[in-house]
Amino acid sequence: MQEIAVEMLRDHEMNDLFFDPISGEKWENFLESVKTSGIIEPLIVTQDNVIVSGHQRKRACLELGINTVKCDVREYFDHDGLSRDEWIIKDLIETNVRQRGDVGGNELKVIRRVDALCDIYRISRSA
């Protein structure tokens with residue numbers, strides 16, 4: 001676990017392809033939680049500070065003026081038949097779904113998540 005300056009963290013370029021930002025009352029409740037309890041769950045980042053899980057936590061830190069945050073820095077590499085990038089996308093999707101719970105939202109983004117995971121797990125989508 002490392003304490004990293006929020007300004008050093010970079011969003012994963014594909015996060016917005018799969019997930020919408022938290023908004024409305026849910027966002028306000030999340031911000032209030034961060035104000036009162038801080039960031040409870042560390043962000044997951046690559047060795048080069050790309051966020052795998054925690055884009056909304058980073059956003060909250062920026063909005064609330066929190067300068068550093070605990071991060072679980074993970075080493076990603078090709079193994080078990082998956083590339084480094086596939087492991088990152090797998091973790092990005094799966095950890096965000098677990099963190100957010102109900103992640104319905106934009107239907108196209110749901111389909112993109114399912115398609116990406118089918119590709120990673122080598123699941124055929126033929127009818």
Using a 3.5 Å distance criterion without hydrogens, assess whether the side chain of Asn106 forms a donor-acceptor pair with backbone atoms of Leu108. yes

Suppose we screen for side-chain contact (heavy atoms from CB on, under 4.5 Å). Which residues come up paired with Thr68, at least two apart in sequence or across chains? Glu3

Enclosure of Lys70 NZ (heavy-atom neighbours >12, cutoff 6.0 Å): no

I need the full list of ring pair (Phe, Tyr, Trp, His ring centres under 6.0 Å) pairs touching residues 40-61, with sequence neighbours left out, sorted by first then second residue. none

Sorted by chain and residue number, the salt bridge (charged side-chain N to carboxylate O under 4.0 Å, His left out) partners of Asp16 (sequence neighbours excluded) come out as none

Please enumerate all residues that pass side chain to side chain donor-acceptor pair (under 3.5 Å) together with Asp48, with sequence neighbours excluded. Thr46

Taking side-chain contact (heavy atoms from CB on, under 4.5 Å) as the definition, give me every residue that meets it alongside Ser83, ordered by chain and number, with sequence neighbours left out. Asp78, Asp85, Glu86

side-chain contact (heavy atoms from CB on, under 4.5 Å) between Asn96 and Asn15: does it pass, once the steps are laid out? CA-CA 10 Å; Asn96 277 283; Asn15 187 68; 4.2 Å; yes

Output the rest of the hydrophobic cluster of Ile40: all Ile, Leu, Val, Met, Phe, Trp and Tyr residues reachable through side-chain heavy-atom contacts under 4.5 Å, sorted by chain and number. none

Just by distance, do the side chain of Arg10 and the backbone of Asn49 share a donor-acceptor pair under 3.5 Å? no

Members besides Val50 in its Ile/Leu/Val/Met/Phe/Trp/Tyr cluster (side-chain heavy atoms under 4.5 Å): none

ring-ring contact (aromatic ring centres under 6.0 Å, His included) against Tyr121, all qualifying residues, sequence neighbours excluded: none

For side-chain contact (heavy atoms from CB on, under 4.5 Å), just list the numbers for Glu28 and Glu32, CA-CA rounded to whole Å, side-chain angles, deciding distance to a tenth of an Å, and then say yes or no. CA-CA 6 Å; Glu28 294 304 320; Glu32 187 60 32; over 6 Å; no

Any chance you could pull the hydrophobic cluster mates of Leu31, using side-chain heavy atoms under 4.5 angstrom and chaining through other members? Ile4, Val6, Met8, Leu9, Ile22, Trp27, Phe30, Val34, Ile39, Leu43, Val45, Ile51, Leu62, Leu64, Ile66, Val69, Val73

Could you list the residues that satisfy side-chain contact (heavy atoms from CB on, under 4.5 Å) with Gln99, not counting sequence neighbours? Glu41, Ser53, Arg57

Show, in sequence, the C-alpha distance, side-chain angles and deciding distance for Phe18 and Leu92, and conclude whether the side-chain contact (heavy atoms from CB on, under 4.5 Å) test is met. CA-CA 9 Å; Phe18 296 120; Leu92 185 147; 4.0 Å; yes

Where do Arg59 and Pro21 come nearest, in terms of heavy atoms and distance? NH1-CB, 3.4 Å

Looking at Phe77 and Trp87, what are the two nearest heavy atoms and their distance? O-CD1, 3.5 Å

Hits for side chain to side chain donor-acceptor pair (under 3.5 Å) against Arg84, two or more places apart or cross-chain, chain-then-number order -> none

For Asp119, side chain to side chain donor-acceptor pair (under 3.5 Å) partners two or more places apart: Arg125

So, does Arg112 use its side chain to make a donor-acceptor pair with the main chain of Leu17 at under 3.5 Å? yes

